[in-house]
Amino acid sequence: TEGLIPDAITFTCILKACASIGAIEKGKQIHEVIVATGLSKKDVVLGNALVDLYAKCGLLAKAQQVLEELPVRDVVSWNALIAGCIQHRQYDEALNCYQLMQSKGPSPDSVTFICVLKACGSIGAVDNGKEIHDKILHGGLLRKDVALGTALVDMYAKCGELSKAQEVHEFLLVQNVVSWSALIAGYAQHGQGHKALDIFKQMQSEGHFPNEVTFICILNACGHSGLLDEAQKLFGDMTRKYGISPNIEHHTCMVVILSCAGHFDEAMAMIKMMASSAHPDVWLALLGACRKWDNVKLGRLVFDQAVQLDTSCAAAYVLMANIFSDAGMQEDAEKVEAMRRKYATLEMQGNSVWVDASGKIHSFSVGDTSHSQIKDIYAKIKSIGHDMSPEQCRNRGLINISIDGPVCVYNEELAVACALLNTSEGETIHVLNDMVMCDDCQNILAFITQIEKRKIMVRDPTCLNVFEDGKYVT
């Protein structure tokens, strides 16, 4: 209204605001004005702000297009794109962008490495993570950047390389509550609750006091190891001893721990203690315990709560269908499956990712036939079916599968079979899953670990699933 013409600084600030609140339509309008003025071709900071806008708002293809059209692409441009991939859980795409950056762009900095290490940890790409670790050491960055060191600890911990995670942690010049929490989380995810408690005590003995995140990690550790008494004491100590008020994640941890121990009344009481129970994760945690204890009656009520909060929640339908199936209520299971197809179709397409030692990403959907090794992959799955007993193989038809046959092979099976064909004997297999695993697939992967003498780790949206020695460990 005052007749002033905005400049590049003005547009950069407005784009940052749009990105922060997700106002993508407003951002697009500003982009059009910027293009009309030709400013994006003159100002690298403004160009980076555009990449950041689209990346943060989840329009990753558009963000990459804007980046490629910039006359100058610096490390900030690439970091914005990679960080956007991480934010929207597109970890395999983050690795692709990193590889593209190495071939076309500037040298990565600490921010780049932190982002890519998170992607490696999330999909179990430990070989890629080790390569980045070597580059960090070569550049002398590790002892200069606490956040980078913590990212390395977190990556190794998530990939199950716990001794390496502890080694890196001890090497750090500065250890803080974040690095200690990352280490505790690693032991928690791999079912080593007592070791996590030891680290928790060591952390405090060395003068580092836990924060909210630390308590989430240590409560998860207790949950994975069935340490009910320890968890209840820690939950009480949060407020009494440390002055930390429990949040939704702490309450969810306790709901998981109590319900998995069969203490459903106490779990429901914990939910009532919360400021709001309108959180799908809480009800999913309780639903998972209902399945463990074959509690069909409570499962129905919990399922209703979960889908009221999120109709498209695939995990809720999978869990409830399994509860009915386990109870021999096949008709009810089929009704829930029909609901899943109606309301959660897009989410339930299923996608599993395995990253090989060279950094190549292998992605599989349910019944996929597009991989270059697909004939060998199906042959491998068929051979696994031959090793199964009739009871183990029931309802799966693994012996009779073919690429164009009627049996739909799970994406997890395809990813694991691909990994088996392309890795050395005894090597741990890491897979990233975009949906909760069903009972059939868990049983099959557990069986594979027995006959192949492998450890398999599958990270899904709710937890890390670990299979070893023919068992579903955690």
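One is the number of the first residue; the rest follow in order along the sequence.
Contact check for Gln99 versus Asn128: side-chain heavy atoms found under the 4.5 Å cut-off. With contacts defined as side-chain heavy-atom distances shorter than 4.5 Å, the pair His224/Tyr187 does not qualify. Using a 4.5 Å cut-off on side-chain heavy atoms (C-beta onward), Leu298 and Trp293 make no contact. Side-chain contact between Leu100 and Trp78 is present, with at least one heavy-atom pair separated by less than 4.5 Å. At least one side-chain heavy atom of Cys85 sits less than 4.5 Å from a side-chain heavy atom of Leu60. Put simply, the side chain of Gln232 reaches to within 4.5 Å of the side chain of Glu266, judged on heavy atoms. Val146 is not listed as a side-chain neighbour of Leu172, based on a closest heavy-atom distance of 4.5 Å or more. Counting heavy atoms from C-beta outward, Met274 and His279 have side chains that approach closer than 4.5 Å.
Taking each heavy atom of Val416 and Val431 in turn, the nearest pair found is CG2-CG2, 4.2 Å. Summarising the geometry of Tyr472 relative to Ala446, their closest heavy-atom pair is N-CB, 4.2 Å, with the distance given to 0.1 Å. Heavy-atom minimum distance, Leu445 versus Ile456: O-CD1, 3.9 Å. Between Cys418 and His371, the shortest heavy-atom distance links the atoms SG-NE2, 3.8 Å. Contact detail for Ser365 and Asn411: the closest heavy-atom pair is C-CB, 3.6 Å. Between Asp469 and Thr449 the shortest heavy-atom distance is N-OG1, 3.5 Å.
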>> Using the rule given for side chain to side chain contact (heavy atoms under 4.5 Å, CB included), can you reason through Gln166 versus Ile199, listing the C-alpha separation, both sets of side-chain angles and the distance that settles it, and then say yes or no?
In response: CA-CA 10 Å; Gln166 192 145 1; Ile199 298 292; 3.7 Å; yes

>> For a side chain to side chain contact (heavy atoms under 4.5 Å, CB included) check, start with the C-alpha distance between Val126 and Thr428, then their side-chain angles and the critical distance, and finish with the verdict.
In response: CA-CA 10 Å; Val126 67; Thr428 299; over 6 Å; no

> Can Lys380 and Glu452 be said to form a side chain to side chain contact (heavy atoms under 4.5 Å, CB included), step by step?
Replying inline: CA-CA 11 Å; Lys380 183 65 179 177; Glu452 296 285 343; 2.9 Å; yes

>> Go through it in stages, so that I can follow the logic: the residues are Glu230 and Lys233, the test is salt bridge (charged side-chain N to carboxylate O under 4.0 Å, His left out), and I'd like the CA-CA distance, side-chain angles, deciding distance and then a yes or no.
In response: CA-CA 5 Å; Glu230 290 85 346; Lys233 183 181 184 304; over 6 Å; no

> For Leu67 and Met101, what are the C-alpha separation, side-chain angles and deciding distance, and is it a side chain to side chain contact (heavy atoms under 4.5 Å, CB included)?
Replying inline: CA-CA 11 Å; Leu67 181 143; Met101 175 185 182; over 6 Å; no

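With rounding to the nearest 0.5 Å, the separation of CG in Leu53 from CD1 in Ile24 is 4.0 Å. We find the NZ-NE2 distance between Lys56 and His88 to be 10.0 Å, quoted to the nearest 0.5 Å. How far CE of Met320 is from CG of Leu284: 12.5 Å, rounded to the nearest 0.5 Å. Here the straight-line distance linking atom CG of Asp109 with atom CD1 of Ile114 works out to 8.5 Å at 0.5 Å rounding. In this structure, CG in Leu286 is found 6.5 Å from CZ in Phe264, a value given to the nearest 0.5 Å. Note that CD1 of Ile86 is 7.0 Å distant from NZ of Lys118, once rounded to the nearest 0.5 Å.
Gln204 places a side-chain N or O within donor-acceptor distance of the main-chain N or O of Phe200, the cut-off being under 3.5 Å. Looking at Ser259, its side chain does come within 3.5 Å of a backbone N or O of Val256 through a donor-acceptor pair. With hydrogens and angles ignored, the 3.5 Å screen pairs a side-chain donor or acceptor of His190 with a backbone N or O of Ala157. Between the side chain of Lys292 and the backbone N or O of Cys260, at least one donor-acceptor pair lies under 3.5 Å. Checking side-chain atoms of Ser325 against main-chain N and O of Asn322 turns up no donor-acceptor pair under 3.5 Å. A donor-acceptor pair under 3.5 Å is formed between the side chain of Ser225 and the backbone N or O of Gly191. One N or O on the side chain of Asn247 and one on the backbone of His250 form a donor-acceptor pair closer than 3.5 Å.
Counted within 6.0 Å of CD on Glu206, heavy atoms from surrounding residues, nucleotides or ligands total more than 12; the atom is thus considered enclosed. The local environment of CG in Asp134 is crowded, with over 12 non-hydrogen atoms from other residues, nucleotides or ligands closer than 6.0 Å.
A side-chain N or O of Thr214 and one of Asn211 form a donor-acceptor pair less than 3.5 Å apart.
A side-chain hydrogen bond (donor to acceptor under 3.5 Å, both in side chains) with Tyr156 is found for exactly one of Glu167, His133, His169, namely His133. Between Cys253 and the choices Asn220, Ile218, Ile248, Leu258, the side chain to side chain contact (heavy atoms under 4.5 Å, CB included) rule is met once, by Asn220.
The aromatic rings of Tyr317 and Tyr343 lie parallel to each other, with less than 30° between the two planes, well short of the 60° mark.
A salt bridge does not link Asp356 to Lys360: none of the charged nitrogens lies less than 4.0 Å from a carboxylate oxygen. The pair Lys158-Asp154 meets the salt-bridge criterion, with a side-chain N (NZ, NE, NH1 or NH2) lying under 4.0 Å from an Asp/Glu carboxylate O.
Between Phe235 and His251, the ring center distance clears the sub-6.0 Å criterion.
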